[in-house]
Amino acid sequence: MQVYKFGGASVSSAERVSNVADILEQCGEEELVIVISAMGKTTNALEKVAESFFAGKKDTALQLFEEIKQQHITIAKYLLVTHYLACEVRLKDFFTEVEWMLHDQPVREYDYYYDQVVSVGELLSTCIVSFYLNERGIVNEWIDVRDVFRTDDNFRDANIDWEYTQRKMNENILPVLKNKKWVVTQGFIGATDENESTTLGREGSDYSAAIFANMLNAKGLTIWKDVKNVMNADPKEIPDAVPIESLSYNEVIEMAYYGAQVIHPKTIKPLQNKNIPLYVKCFLDAELPGTTIHDQISKNLPPIIVIKHNQVMMELKTRDFSFVGDTHAYQIYQWFNEHSLRPTLTQNGAISLTLAFDNWKDKIARFSSAAAELFDVHLTPGLTLTTIRHYDNESLKKYIMDKEILVRQQTLKNIRALHR
Ligand code: ASP
Ligand code: MG
């Protein structure tokens with residue numbers, strides 16, 4: 001049993017969908033669950049629909065949704081012959097569900113509507129891909145993952161009910177596989193016990209795929225991406241970034257923690273718990289070996305460089321020159337929770353505390369005004385946070401030394417600098 005996950009870029013056009021079918025035709029797997037994202041940038045486009053609807057701009061919402069409909073219909077027409085009409089019926093059902101809602105007035109919270117609208121992206125893409133694969137003789141069954149993934153109603157960041165989901169996995173997925181059919185299903189979405197759609201957080205379909213792998217005791221999970229390997233840095237930032245062929249689970253968790261956008265951070269735990277290897281492979285050239293993430297210690301790693309722009313430094317100084325003690329720290333962490341804000345860096349001083357944040361303007365403003373009760377608050381925006389794991393002299397010189405540094409932290413393994 002294997003799980004494959006195809007991201008948005010791998011199904012962004014008719015050609016790309018047919019490329020996915022080529023990969024599947026040649027993969028030689030017996031039992032396979034195929035988890036697919038929304039096509040291309042559909043999730044972003046659907047976010048705009050939800051925003052317009054919630055802002056009371058019904059016509060804009062409907063018009064934006066119309067564009068998304070047409071894109072999907074066009075791709076389906078291009079790909080399908082004998083199955084086109086059946087596919088169109090299904091797509092139209094999904095369209096109608098969203099449009100019904102868009103004709104209403106919002107009476108609930110934004111996050112609820114967001115999930116009802118945005119979740120359709122995955123339903124549309126998997127519907128088209130499933131019909132197309134069947135038309136090409138790649139026998140599969142389309143499964144609505146909302147019948148399997150039960151979540152709470154924490155819309156936009158829903159939490160999985162593991163027990164219920166495991167039971168549904170055994171009831172709904174295993175029999176399909178036993179029947180010698182592959183499963184085609186959605187990442188990123190689930191449903192509450194009241195059948196409301198939920199989403200698991202942006203880029204959440206890696207996480208969905210990892211849950212499938214965990215619950216079905218898969219031999220491996222392959223995430224198909226448009227890059228050849230996991231690299232030691234983002235090549236858009238650092239042109240001489242190098243590929244890494246093998247990484248430990250721990251290393252990937254650390255990388256994600258410092259902000260590397262390799263894999264959705266929640267993905268690793270379900271795999272590590274069952275020691276299931278994760279293969280990152282390139283859908284543009286399936287022959288390439290890619291990167292394996294597994295239980296083995298990564299040896300001879302190059303320095304791993306993570307650069308986060310658009311950071312805001314916040315300095316908190318006690319008003320009365322009292323030391324920053326446990327009560328202060330406790331209070332600050334409570335505010336983090338209340339405002340769902342996570343610092344990217346923290347540094348304690350005697351009477352001050354320095355924090356860095358991604359630039360979430362509203363949250364930072366709310367946090368600052370809470371903190372102003374106890375502290376003088378000073379903000380410095382427009383900074384960059386550079387982290388180097390496994391640093392050496394050369395990487396230090398190249399990425400840290402020449403910067404105007406405001407905060408610097410160093411341990412045996414990591415060096416971090418907040419700089420201009
Ligand atoms: N389609 C969703 C997103 O773009 C989920 C995913 O692709 O992982 O965030
Ligand atoms: Mg994606």
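FYI, the numbering just counts along the sequence from 1. Values below: all heavy atoms of this structure, side chains included; hydrogens, waters and symmetry mates excluded. Order of appearance sets the numbers: ligands from 1, and atoms from 1 within every ligand.
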Item to check | Test side chain to side chain contact (heavy atoms under 4.5 Å, CB included) applied to M1 and N217, V33, L32, the passing residue | outcome: V33
Checklist entry - Does K168 pair with D147 as a salt bridge, N-O distance under 4.0 Å? => result no
Checklist outcome for this item: Of I36, T43, V118, the residue with the heavy atom nearest atom 2 (C) of ligand 1 is T43
Next on the checklist: One thing to verify: whether K228 and D285 come together as a salt bridge, which I'm taking to mean a side-chain N less than 4.0 angstrom from a carboxylate O.
Outcome noted: no
Checklist entry - Heavy atom of G121 under 4.0 Å from ligand 1? => result no
In residues 94-107, what donor-acceptor pairs under 3.5 Å come from side-chain atoms, sequence neighbours left out?
{"from": "T96", "atom 1": "OG1", "to": "K92", "atom 2": "O", "distance (Å)": "2.6"}
{"from": "E99", "atom 1": "OE2", "to": "K69", "atom 2": "NZ", "distance (Å)": "2.7"}

Item to check | For atom 3 (C) of ligand 1, the option (of R202, K5, H264) bearing the nearest heavy atom | outcome: R202
Next on the checklist: So if I count the atoms of ligand 1 from 1 in the order they appear, which ones are less than 4.0 Å from some heavy atom of S37?
Outcome noted: 6 (C), 7 (O), 8 (O)
Less than 3.5 Å apart, which donor and acceptor atoms pair up between the side chains of residues 50-60 and the rest of the protein, not counting sequence neighbours?
{"from": "S52", "atom 1": "OG", "to": "K48", "atom 2": "O", "distance (Å)": "2.9"}

Next on the checklist: Using a 4.0 Å cutoff against the non-hydrogen atoms of F188, which atoms of ligand 1 qualify?
Outcome noted: 2 (C), 5 (C)
